[in-house]
Amino acid sequence: MTDRYVVIGNPVGHSKSPWIHAEFARATGQDIDYGRLEPPPDGFNAAVDAFRAAGGRGANVTLPFKEAAFRYCAELSARARAAGAVNTLVLDRAKVFGDNTDGVGLVRDLQVNLGCTLEGRRVLLLGAGGAAQGVVQPLLEARVARLVVVNRTAARAQALASRFSGVQGGGYELLVEGVYDLIVNATAAGLAGARPPVPARVFAAGALAYDMVYGRETPFLEFARAQHARVSDGTGMLVEQAAESFLIWRGVRPPTEAVLRALRHG
Ligand code: ATR
């Protein structure tokens, strides 16, 4: 029987994960079927219970269920624990296992696809929601020199920073000083056509501006481009987090280059 996987979210109709995993399966000769599940906001546990009971082997989890998935799991990876969120469920074990591949997906996209050195770099992370939480630990593990988290609600950034040693957190007023080699936008501002209030002065010469939102030029990226920064949207992170999930489920790392190219150039 074909092994079944799903992406669980609400809304989930726009998700590119079924297409990406179908491409990975084809490239690696794996026999899998990957669909979508859209439970109501309070229906996550029931939906996963039913999918697992029907033989479902694993799932990706997207907004707004990553924290619910974290609570659902009987066992968690260290990186899921650090993130406080789960985007990858392994359902075919005695105990449901949860992992988080978002951070490693971002770091891989930066280092491998974009050729960006992280070690020794000054990094600014915008936002303190689920998307930001998932990437702090992996950025620290890549040995960045400095990591500052700023958020519209300063207390949220302070709370996030305080969970890690050597990370500074606060409101946008922290940006009156300091310049950064890498600025990662993990806010949802771009989805609403808005831009986090980053001053032009924070972009170091040759800086890379990265927006986790994918498939569009956000106001943040437009602004960064105007400051002569290199820019990237989050398409590569999307593909790399998917590849890491595929590796966890299938024991084989799929090639990502052709998938990324196809998504970028339609
Ligand atoms: P996610 O899981 O996608 O991170 P979230 O937990 O709702 O979703 O967090 C959204 C993030 O985007 C938050 O950091 C939010 O700032 P607040 O914590 O102050 O709400 C940030 N955000 C959303 N719209 C924004 C805007 N227009 N300008 C700046 N930050 C914004």
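Just so you know, ligand 1 is whichever comes first in the structure, and atom 1 is the first atom listed for that ligand.
Near ligand 1, Leu63, Gly127, Ala128, Gly129, Gly130, Ala131, Asn151, Arg152, Thr153, Arg156, Thr187, Ala188, Ala189, Ala194 each place a heavy atom less than 4.0 angstrom from the ligand.
Glu38 places a side-chain N or O within donor-acceptor distance of the main-chain N or O of Val12, the cut-off being under 3.5 Å. Here the side chain of Asn60 pairs a donor or acceptor atom with the backbone of Asn87 at under 3.5 angstrom.
Applying the salt bridge (Lys or Arg N to Asp or Glu O under 4.0 Å) test to pairs two or more places apart or on separate chains, none has a residue in residues 203-215.
Asp102 and Arg79 are not joined by a salt bridge, as no carboxylate oxygen comes within less than 4.0 angstrom of a charged side-chain nitrogen.
Nearest approach of Ala157 to Gly170, heavy atoms of both residues: CB-O, 3.4 Å.
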Next on the checklist: Using salt bridge (charged side-chain N to carboxylate O under 4.0 Å, His left out), reason through Glu217 and Arg225 one step at a time and then give a plain yes or no.
Outcome noted: CA-CA 10 Å; Glu217 171 100 342; Arg225 209 186 280 280; 2.9 Å; yes
